[in-house]
**Student:** 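First the structure, which I've put down as structure tokens, then a few questions once you've had a look.
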Number of protein chains: 2
Amino acid sequence: MSILSKLSFKDQAFKLREDAILDAATRILAGKGFDLMTMDDVALEVGLSKPSLYKHFKSKEDLVGEAMIRLLDGALDFLARQNTADSPVGRLSGLLEWAMRVRLDGGLPFLPSASPQVRDMLTRNLRYVTKVLKLNGQLEKIVQAGKKAGELRSDLPDDVILFSYYARTCDPAVEYLRLYSKMDTEAIIAHMLGVCFDGIGRNSPSR
Amino acid sequence: MSILSKLSFKDQAFKLREDAILDAATRILAGKGFDLMTMDDVALEVGLSKPSLYKHFKSKEDLVGEAMIRLLDGALDFLARQNTADSPVGRLSGLLEWAMRVRLDGGLPFLPSASPQVRDMLTRNLRYVTKVLKLNGQLEKIVQAGKKAGELRSDLPDDVILFSYYARTCDPAVEYLRLYSKMDTEAIIAHMLGVCFDGIGRNSPSR
DNA sequence: AATTTTGTTTACTGTATGGTAGATTTTTTA
DNA sequence: TAAAAAATCTACCATACAGTAAACAAAATT
């Protein structure tokens, strides 16, 4: 075994631990949110002591930032794997479904929806912002294509459509339906997609 | 001036101070959310010292609960003043517009959307829960009437429609549009109403 | 095996904050 | 105006938590 492969093995172990920490942080974040998540929680969940976390992430903000970045990477990856020949609304719909599934599976919601502090924190994270802008750029193109194809409302500005779309990924309605209705994951996803594109008004939705 | 009217005057002053505290708490809550709001913040904003707050509210949770209850009272009041002859969607639309306007005016969002801790806290507040159930009952009737009249999608269960409707009152899209678009309050409200009832899909909305 | 290096942990610091006791001021009453 | 009552504030406590220093253990290197 060469020195190189040994190093690489060590690095792999390091990376594995890092992923485990991010997994734990993600679970706890999804469960109680940023403010109630303590670094001791994360350490306990992942089976390390707190100072070890700080070998990987220089602060709580950094840790959460990385967790959000990993989520964005997942979204960008999903987009990249999509067939670009699919219809714009089909692509948006697919990504939204993916995001809902991640969330209902114990993952994070996409947007730091409510808390201004979390939003500000992420805004200060350059790598996060860069990825958000990249994702936003790609989605904006899809939205424009969708408008041209008559699949999306052309009376709404792009940013209204985009922000409303993003908001659906962290829609509290999902959480309330999960808690207080008897629907299963699939029914919730189907309904939320319907509400996103067709709203709650009128009969006979398009999809 | 009789003893009674003096007492009543003192009570009025007390009530005024209480309202001032609730106003301050509401502003701060809207600005930084529950976790970052400290009792010292509130005391400073309202011009009292912290212990004086505790003459009115027995805890931070209690204070925030009362602020939310005041908001619910406003909504119930708005509903009560509506013309019951109006169309169901007209009534829902009017209330949503009211809620958006409250929020954009520095008020609170309706639902404790994101934070599970805040949701749990309010769930333990009996007076709050009672009012939520009352409001929910009234809105459910309107939703059912709307479905019957063909103004609301009858393929969606009542609770999907209701939770999606509530979610619009605290939709983060509003915040993002306010921050990152050049729309004014009226344009934001108009678009958000459109998105709520018609979604973002297809052309030519109904309203 | 001795030495260095790396990683981990225990035990701690500093700060923020919800809440309170008791002194102090203001207002009311007589 | 003096005594009593009410309201308010200063100064504090206890707790929780992000982050760290230094002791300790494990592994790698010689």
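To find a chain, count down the sequence lines: A is the first, B the second, and so on, and within it residues start at 1.
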**Student:** Over how many whole Å does the gap from B:L48 atom CG to C:dT20 atom P extend?
**Tutor:** 17 Å
**Student:** Hey, what are the protein-to-nucleotides 17-19 of chain C N/O distances that come in under 3.5 Å?
**Tutor:**
from: C:dG18; atom 1: OP1; to: B:M37; atom 2: O; distance (Å): 3.4
from: C:dG18; atom 1: OP1; to: B:K60; atom 2: NZ; distance (Å): 3.2
from: C:dG18; atom 1: OP2; to: B:M39; atom 2: N; distance (Å): 2.9
from: C:dG18; atom 1: N7; to: B:K50; atom 2: NZ; distance (Å): 3.1
from: C:dG19; atom 1: OP2; to: B:Y54; atom 2: OH; distance (Å): 2.9
from: C:dG19; atom 1: OP2; to: B:K60; atom 2: N; distance (Å): 2.9
from: C:dG19; atom 1: N7; to: B:K50; atom 2: NZ; distance (Å): 2.9
from: C:dG19; atom 1: O6; to: B:K50; atom 2: NZ; distance (Å): 2.9

**Student:** Name the closest nucleotide to the B:S52 side chain, picking from D:dC9, D:dA7, C:dT8.
**Tutor:** D:dC9
**Student:** Below 4.0 angstrom from OP1 or OP2 of D:dT8, is there any side-chain N or O of B:R17?
**Tutor:** yes
**Student:** In whole Å, I'd like the distance from the NZ atom of B:K55 to the C1' atom of D:dT8.
**Tutor:** 9 Å
**Student:** For residues 47-59 of chain A, which residue pairs qualify under salt bridge (charged side-chain N to carboxylate O under 4.0 Å, His left out), counting only residues two or more places apart or in two chains?
**Tutor:** A:D40-A:K50
**Student:** Let me have the donor-acceptor pairs involving side chains of residues 183-194 of chain A, under 3.5 Å, with sequence neighbours excluded, atom names and distances please.
**Tutor:**
from: A:D184; atom 1: OD1; to: A:E186; atom 2: N; distance (Å): 3.3
from: A:D184; atom 1: OD1; to: A:A187; atom 2: N; distance (Å): 2.9
from: A:E186; atom 1: OE1; to: A:R101; atom 2: NH1; distance (Å): 3.4
from: A:E186; atom 1: OE1; to: A:R101; atom 2: NH2; distance (Å): 3.4
from: A:E186; atom 1: OE2; to: A:R101; atom 2: NH1; distance (Å): 2.6
from: A:H191; atom 1: ND1; to: A:A187; atom 2: O; distance (Å): 3.2

**Student:** Nearest whole Å is fine: how far is D:dA18 P from A:D62 CG?
**Tutor:** 14 Å
**Student:** For the pair made of CG in A:L44 and P in C:dT9, what is the distance, rounded to whole Å?
**Tutor:** 12 Å
**Student:** Please list all pairs meeting ring pair (Phe, Tyr, Trp, His ring centres under 6.0 Å) that have one or both residues in residues 89-108 of chain A, counting only residues at least two apart or in different chains.
**Tutor:** A:F78-A:W98
**Student:** Does any pair with a residue in residues 20-30 of chain B pass salt bridge (charged side-chain N to carboxylate O under 4.0 Å, His left out), and if so which ones, sequence neighbours excluded?
**Tutor:** B:D23-B:R70, B:R27-B:E45
**Student:** Which nucleotide wins on minimum distance to the side chain of A:P51, given the candidates C:dT10, D:dT8, C:dT20?
**Tutor:** C:dT10
**Student:** Could you check whether B:D35 and A:Q117, counting side-chain N and O atoms only, form a donor-acceptor pair closer than 3.5 Å?
**Tutor:** no
**Student:** Please table the atom pairs, donor to acceptor, closer than 3.5 Å between any side-chain atom in residues 129-140 of chain B and protein atoms at least two apart or in another chain.
**Tutor:**
from: B:T130; atom 1: OG1; to: B:L126; atom 2: O; distance (Å): 2.7
from: B:K131; atom 1: NZ; to: B:D73; atom 2: OD1; distance (Å): 3.0
from: B:N136; atom 1: OD1; to: B:Y166; atom 2: OH; distance (Å): 2.4

**Student:** On the nucleotide D:dT10, are OP1 or OP2 found under 4.0 Å from the side-chain N or O atoms that B:S49 carries?
**Tutor:** no
